[in-house]
Structures are given as C-alpha cells and as structure tokens.
Chemist: 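Sharing a structure with you now.
Each chain gets a letter, A, B and so on, in the order its sequence line appears, and its residues count up from 1. Scope of the values below: all heavy atoms of this structure, side chains included, with no hydrogens, waters or symmetry mates.
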There are 2 protein chains.
Amino acid sequence: MTEPKIHSPATPEAAKKQPRDGKGNATIYDIAKVAGVNPSTVSRALSKPGRVSAKTQKLIQDAAAELNYQVNPFARALPTGRTNTFGLIVADITNPTFFDIIRGAQTTGTLRDYTLVLAESAESAATELTAARRMMATADGLILASPRMDDDDIRALARDKPVVVINREVEGVPSVIPDVRKGIGEAVRSLAANGHKRIAFVAGPAQSWMSARRWEGFESACEWSRLEAVRVESTKPTVDGGRQVARDVLSTGATAVLAYNDLLAIGLMQELQAGGMAVPDQISIVGFDDIFGADFTTPPLTTVRSPLGECGAGAAARLLDLLQGKGNAEPEGTLQMETELVLRGSSGRLLAAGQR
Amino acid sequence: MTEPKIHSPATPEAAKKQPRDGKGNATIYDIAKVAGVNPSTVSRALSKPGRVSAKTQKLIQDAAAELNYQVNPFARALPTGRTNTFGLIVADITNPTFFDIIRGAQTTGTLRDYTLVLAESAESAATELTAARRMMATADGLILASPRMDDDDIRALARDKPVVVINREVEGVPSVIPDVRKGIGEAVRSLAANGHKRIAFVAGPAQSWMSARRWEGFESACEWSRLEAVRVESTKPTVDGGRQVARDVLSTGATAVLAYNDLLAIGLMQELQAGGMAVPDQISIVGFDDIFGADFTTPPLTTVRSPLGECGAGAAARLLDLLQGKGNAEPEGTLQMETELVLRGSSGRLLAAGQR
DNA sequence: GCAATTTTGGCAACCGGTTGACAAGAGCGG
DNA sequence: CCGCTCTTGTCAACCGGTTGCCAAAATTGC
C-alpha cells in the first residue's frame, strides 16, 4: 500500500534527481554495451593508451563520442585517490598581491588539465590550517601563498601530499620565492644616485617571513651604497596602514622610503601629499610588488616588482610536476624568481627646499 | 603463494600511495569496528541526525573523534551526486571587477560549508561553455559572472543543475544584477548640477548585456535631466582601451564622461591628463564599479559603485538556497542590488577656459 | 501481560570507475 | 603442424560511503 517510490514530478526532489537520471551521464557500462566489449576494456581504452588494440580503441572511442561520455570524476577518484585538482590557499582574497598569484596558478593549472580550488585563511593561522586540512581531503596537492602557520604544520601537511609554498622558505618543502636582492639593490642604488642619504623602510607584519627578508635586503643594500637605513614599523600592511605611518616616516628625517608593499606605499604617498609634501621632489617613495593599480597614482608608483603571476604559475608547475612524477630529481629546494625595479614617477632627485 | 599485495617502500609508487594507506584516513568501517556497530549505522549517525539513538550516536561520535575521521568526499559523492561544491566562472581573472565577486562568493560559500571552485573563460564564449560543462560534472551548482555565452546555452546548463547568473538577465534563470538606474541617475544629476550640458558615455564591448543596460540608463537619465547624451565606442574595456578612446571623447565636445567601467575611466583620465587637460576643471570623469584602486588616482575617481562583493555573496546565497531546498518560493527572478554614486575628485564644476 | 506500534540497527546492493590476475587468441620460429 | 611467447580482453574485487528493506528491540496502549 505504501508507495515510497512515487516521484511526483512536482516535488523539488524529483527535479533535483532529474539531471542525474537524464541524459549526459553515460557510463563506461553503456559504452561497453554499445561497443560490445567489457567495461574494464573501456576503462583501459580511455585511460591507458596502448593497452588495447587499435581497432577496439577506435570502436570504444566512437561509442564514447556517440554517447558523449564523460568520466565521473568521483568514481575515478574513489579507487585512485587522484582528483586532478589542486588547492591554493591565500591569506586574503581582498589583497591584490594574491590576484596575480591566483591567476598564474589558475592558468597553468587549466593548461595541464587540473582544476584550481581556492580557499582563504582570513589572515588567521588557525583558519588556514583548517582550510588546508579540508583541501587535503579532496585535492591532489596544495599551494600555500604566504602562509601564516608554523613551519611544523606545513611540514606535516607536506607529509601527506605534495605542497608548494610561495613567499616563504620551509625546510624540506619546495618553495617559490621572489629573490628580493636584485630588485632592492636596484631601488637603493637608484635612490643613492639621486642623492638620498638616509632612507627609511616601512616594515610589514612582524611575523611575516617576507617582510624580514625585505628588511635584510634593504639593510645590506644600504650598507653597500653607504646609505643610512632606518626602520619604521607599521600597524597593518594596507593603504590605511600607510596613512598612519606617515608621521613616523617624516620624523625620521629620511628623504626616501621603501615600503614593505605597494599598499603601504600608496597610503603613505596619499597622506604625505595631503599634508603638502611633493612627491618625489621632497620625498621619494618606492613600493613593493607592483600590484594592480600601482600605476594609477599620481605620480605613478616606483616599485620593486615581484613576479607574482610567475610565482603562482611556477608553484603550480612545480606542484604538477611533483604530482605527475616528473622532476623527482629535485623534489625540494627553492625556486627563485627575479625581482626588478620598475621606475616610475614617485622616486627621483631631491630638490632643495629653495628650489621648489 | 602469490603475494600481490607487497608494497616495496622504495618505489615512488609506494611513496605516492603512502598517504592514503597511512594515518588520517579512517573509514566508517574502522569506526564501526571500534564502536561495535554496523557501518551503515555509522553512516546514519554521521549524516542523518536523529536516525539513531542518542547513545549509539555518542558512541559513534566518540569513536570518530578518536580516529579523527573525516568523510571521504568522493565516496559520498558517488552515490549521492552531492559534492558540497559550487563553481564560479568569470570572464577574466585579471579583471578587478571580478575580484570582489569572487571574494563575496567564496565567503558565503565557506560560511555555509561549501567549497568554491574557480574557472576562467578568457573572455571566450566557447571556453566558457567548456569550463561550465566540466564544472557541471563535479559541482552541485554554478555561478556565471558576466557570462559571454548564449542565453540558450545558459538555460541548457540550468536544466541540469542550479545556475545563478550575475550581471545579466536570462529568462528562466535566477540572476543577481546591480540596478544601475539609481547610481547612474545620481551621477547624471550631479553632473547636471555642475553645469554640464553634453556628456559622453564610453561604451563597453558590443555584446555585453551590462553595457547595453548602462547605456540605456544613461540615455534616460540624460533625457530626464535634459542633457545631451553622446555615445563613444571603445575597443576594449581596459585601461589601454580608455587611453585609445580619449581622442574620440574630446572630439564629441562633451565636458563630462561616464565610462562603462573604471578601467576605461582611468585610462581615459591618464591620457587626457597627459594631453594637458585638467580633471575635473576642464572635463569631468565618472567611472563605473568602484573597483580596487579607483581611489588611487589623482584626482580620485568618481564612480558609480556596483556592490560586486554583495553580488557575489547574493548569488552564492541564492544558489545555496536552491541547493538546500530553501527558497523554492521564487526559484527564478532577478535579485537587484542597489548602485550608488561615489563622489570623489574626478568630477565637478566646469571652469571656463579663462578661469584656469 | 500481551498485542500493536514505533525505534533502531543490520544486511546487502549500489554509485562508476580501476586494476591485478588470468585465459583466450594472435603471431612466430622451427 | 606444434609449442612458445606476447598481446588483448574478461573476470572479479575493490575504493568508501548511502539507502531501501527488513527484523529485532523498545515503547506504548489497553
């Protein structure tokens, strides 16, 4: 009497189920029937090139085309564990630094037939770890861009599946980082050539690995050029943070500034200009990263370009090599990307006060 | 005698397999063994609240916690077809318009325990369709941001699984669009109040649905304010495209411009300023979208803000409602988001040539 | 205290591929 | 023409959950 199987087509349930039963979901069993072979033969024909004879291969491919078959990724993933998917975790999707990284990773991923899954950690090490764990379950590998978590946590993840880190070096885990020395060297020499004697570095977050590297590079470049390097701390690496740090920068008496990133540089420039300072006539400003919009400012921002897109692409390539068994030769080690100075209008010669 | 199961740990194969066999992959069978119940009971306890008694529930949950079990998403997806995943396809990851959309979608997705999968169509309708098809196989639903493909293609996709469209209206498919009228009305009235008589609209791509809407809104707002509206075509909706169109804009004799998007506006402003024009003294420029960086320019760009983040979030919420069976009341129809004028420095009163 | 009813847990089939083992068939030399 | 090797297709088990059906157990009513 009870008839639990009735699908009254009006219910949302029925509507939801429809697609799966409908068309477009041919299985290897359907193909096998059409081609008159065994399902496993179909499986081999479709994924192990050369394992079946040329003529059954063709037979099967035709049948597959006719039914417009596509593999069910889950069915494939279940026994193999491979998903043709990789994860990318960024600290903050809002932060333009990551845009290019995402794009680079996405592009090379697609090129090599991998799908990108994106997650955000909201700048929290805990959230980041959670997200990473979750991704590990579904993705074949993971890219961590500027991770906030411990080295140990990263290594633990890397023990499960291939992991590539961007913007940080972790012992035993392959990484892709921009080599800041060249770019910073160019920036500092350029400032020195323009007559600056004391230049300030506006630091990023205290726990940022990258900020530490940039400060190191800055210090040694200044030493080399016999300039006085002073360090100013910022509250947060954003436009707003740049605004807030303007007063501190001025009080150092520096005539040029290298900021930890472009956002800080832009905020700083805005605030200084609002206070009547002329850029670059009274103070030179150099940013870092060459993010989208760095050339929207007036004057356009001089900046040390990090090849973010290439970092993303490089990390993806690295990861995919690992996944596909290539590049076993050097499973770890650091891939250094070159940085370079992009000279625009916000840096230049200091004009004496009288010359204004 | 034959021992086919031997894993020689030295081979890369073994290394690859390791993670799956290692720790961290407890199954419901393991839990069942520990808790002394049947696997199916475990399955029920974990996914059908209330289906098993409170005390076995607890028993099972403890066992699960102890083994730190996590479901294998593929195993779950295989019989059910549900993946707790949704796709987002954008035309161009480079385009900052989409950044906020991505972020909005990602955020609400994560909040509701769904994972975002991102794809890019490279502005090509064909690529877009391919990507969409591929996603359909793995995702529970799809968000199309500013899709380039035919209405028919979109409807075809929507027949398979829930689809939500952003920045376009497609009969029979739910969509989220910014209602441009309010924002454009404010912009045009503001320009009118500043004494402008003839204003130009720099159009976007010819096939863009959104560009057509913006032009319509512009025309009718101009009519309402008794201003003369002229239309200028652009080659591409980028900073570069904006530069290229500067000459055409000037030749219309318009004293104010509304651009299809901020990139065009920024390029236009750069080129005009490079040619010696003062903004806004000689020409007012208004952009569209309020993208990241719109306030980096000098003067900062006046723009009609599209609530892109909210569009992304709204579309995700809509889609997830659909997936979770909520909101059946209005499975289709358009969700309109309000636009508003963000008045910054690039628009204002026209100064007579003599007043310069 | 017993029958009727509702809970609760177990069994087994299934989702759609993959893969090791094996046997039938093809190709070959002698 | 026979026996050998190599290729090619089939069988069956498996990945890890989900779910319909049924029966045992617990609860309820009288």
Side-chain angles (χ1 to χ4, degrees), chain A residues 1-7 13 16-17 19-21 24-33 35-60 63-64 67 69-84 137-138, chain B residues 1-7 13 16-17 19-21 24-33 35-60 63-64 67 69-84 137-138:
Chain A
M1 276 300 145
T2 52
E3 296 185 350
K5 287 281 174 55
I6 288 183
H7 294 270
E13 317 303 326
K16 248 190 256 168
K17 225 167 188 168
R20 284 183 49 76
D21 310 8
N25 54 340
T27 72
I28 57 169
Y29 295 89
D30 300 331
I31 297 179
K33 212 169 293 172
V37 298
N38 188 286
S40 56
T41 306
V42 176
S43 173
R44 291 208 175 86
L46 263 28
S47 50
K48 301 252 158 55
R51 178 60 174 73
V52 303
S53 69
K55 77 170 192 293
T56 33
Q57 174 94 19
K58 171 130 178 37
L59 203 63
I60 287 169
L67 298 171
Y69 165 82
Q70 355 191 90
V71 292
N72 179 326
F74 311 115
R76 172 172 295 181
L78 190 45
T80 61
R82 281 176 284 107
T83 65
N84 269 35
T138 76
Chain B
M1 278 296 147
T2 52
E3 296 184 344
K5 290 280 171 56
I6 289 182
H7 295 269
E13 318 301 326
K16 248 189 253 167
K17 229 167 186 168
R20 285 184 49 76
D21 310 7
N25 55 339
T27 72
I28 57 169
Y29 296 90
D30 300 330
I31 297 179
K33 211 168 294 171
V37 297
N38 189 285
S40 58
T41 306
V42 176
S43 172
R44 290 202 179 92
L46 264 28
S47 50
K48 299 256 158 59
R51 180 59 175 74
V52 303
S53 69
K55 77 170 192 292
T56 34
Q57 174 91 18
K58 172 128 179 37
L59 202 63
I60 289 171
L67 299 171
Y69 165 83
Q70 357 191 88
V71 292
N72 179 324
F74 311 116
R76 172 172 292 177
L78 191 45
T80 62
R82 280 177 285 109
T83 65
N84 268 34
T138 76

Chemist: Taking side chain to side chain contact (heavy atoms under 4.5 Å, CB included) as the definition, give me every residue that meets it alongside A:Ser43, ordered by chain and number, with sequence neighbours left out.
Modeler: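 If we apply the side chain to side chain contact (heavy atoms under 4.5 Å, CB included) test to A:Ser43, skipping adjacent residues, the hits are A:Ile28, A:Ser47.
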Chemist: Is a donor-acceptor contact shorter than 3.5 angstrom present between the side chain of B:Arg82 and the base of D:dT18?
Modeler: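 By the distance-only test, no, there is no pair.
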Chemist: Looking at every strand, decide which applies to A:Tyr29 at a 4.0 Å heavy-atom threshold: base, sugar-phosphate, or nothing.
Modeler: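 Base contact.
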Chemist: Just to be sure I understand: a Watson-Crick pair is purine N1 to pyrimidine N3 plus N6-O4 or O6-N4, both under 3.5 Å. Using that and G-U wobbles, which stems of three or more pairs involve DNA chain C?
Modeler: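 Stem list for DNA chain C: C:1-30 with D:1-30.
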Chemist: Please give, in whole Å, the distance from C:dG20 C1' to A:Asn38 CG?
Modeler: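 Taking atom C1' of C:dG20 as the reference, CG of A:Asn38 is at 14 Å.
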Chemist: Return the set of residues passing side chain to side chain contact (heavy atoms under 4.5 Å, CB included) with B:Leu59 (not counting sequence neighbours), or none when no residue passes.
Modeler: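 Partners of B:Leu59 under the side chain to side chain contact (heavy atoms under 4.5 Å, CB included) test: B:Ala35.
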Chemist: Sequence neighbours left out, what passes side chain to side chain donor-acceptor pair (under 3.5 Å) with A:Ser40? Give chain and number order.
Modeler: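 With neighbours one apart ignored, the set is A:Asn38.
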Chemist: How long is the line joining CZ of B:Phe74 and P of C:dG17, in whole Å?
Modeler: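 B:Phe74 atom CZ is separated from C:dG17 atom P by 15 Å.
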Chemist: What residues form a side chain to side chain donor-acceptor pair (under 3.5 Å) with A:Lys58, not counting sequence neighbours?
Modeler: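 Per chain and number, A:Lys58 pairs via side chain to side chain donor-acceptor pair (under 3.5 Å) with A:Asp62.
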Chemist: Can you sort out the partners of B:Thr138 under side chain to side chain donor-acceptor pair (under 3.5 Å), two or more places apart, ordered by chain and number?
Modeler: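 B:Thr138: no side chain to side chain donor-acceptor pair (under 3.5 Å) contacts found.
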Chemist: So what does B:Thr27 hit on the nucleic acid, given a heavy-atom distance under 4.0 Å: a base, only sugar-phosphate, or nothing?
Modeler: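 Sugar-phosphate contact only - B:Thr27 comes under 4.0 Å of backbone atoms but never of a base.
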Chemist: Which pairs, with at least one residue in residues 38-52 of chain A and sequence neighbours excluded, count as a salt bridge (charged side-chain N to carboxylate O under 4.0 Å, His left out)?
Modeler: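 Listed by first then second residue: nothing to list.
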Chemist: Under 4.0 Å from OP1 or OP2 of D:dT18: is there any side-chain N or O of B:Thr80 that close?
Modeler: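 Looking at the OP1 and OP2 atoms of D:dT18, neither is under 4.0 Å from any side-chain N or O of B:Thr80.
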Chemist: With A:Thr56, which residues qualify under side chain to side chain donor-acceptor pair (under 3.5 Å), at least two apart?
Modeler: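 For A:Thr56, the residues satisfying side chain to side chain donor-acceptor pair (under 3.5 Å) (neighbours in sequence not counted) are A:Ser53.
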Chemist: In residues 47-57 of chain A, what residues come within less than 4.0 Å of DNA chain C, judged by heavy atoms?
Modeler: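 Here the set is A:Ser47, A:Lys48.
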Chemist: I need the CD1-P distance between A:Ile31 and C:dG17, as an integer number of Å.
Modeler: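 Distance, rounded to whole Å: 8 Å.
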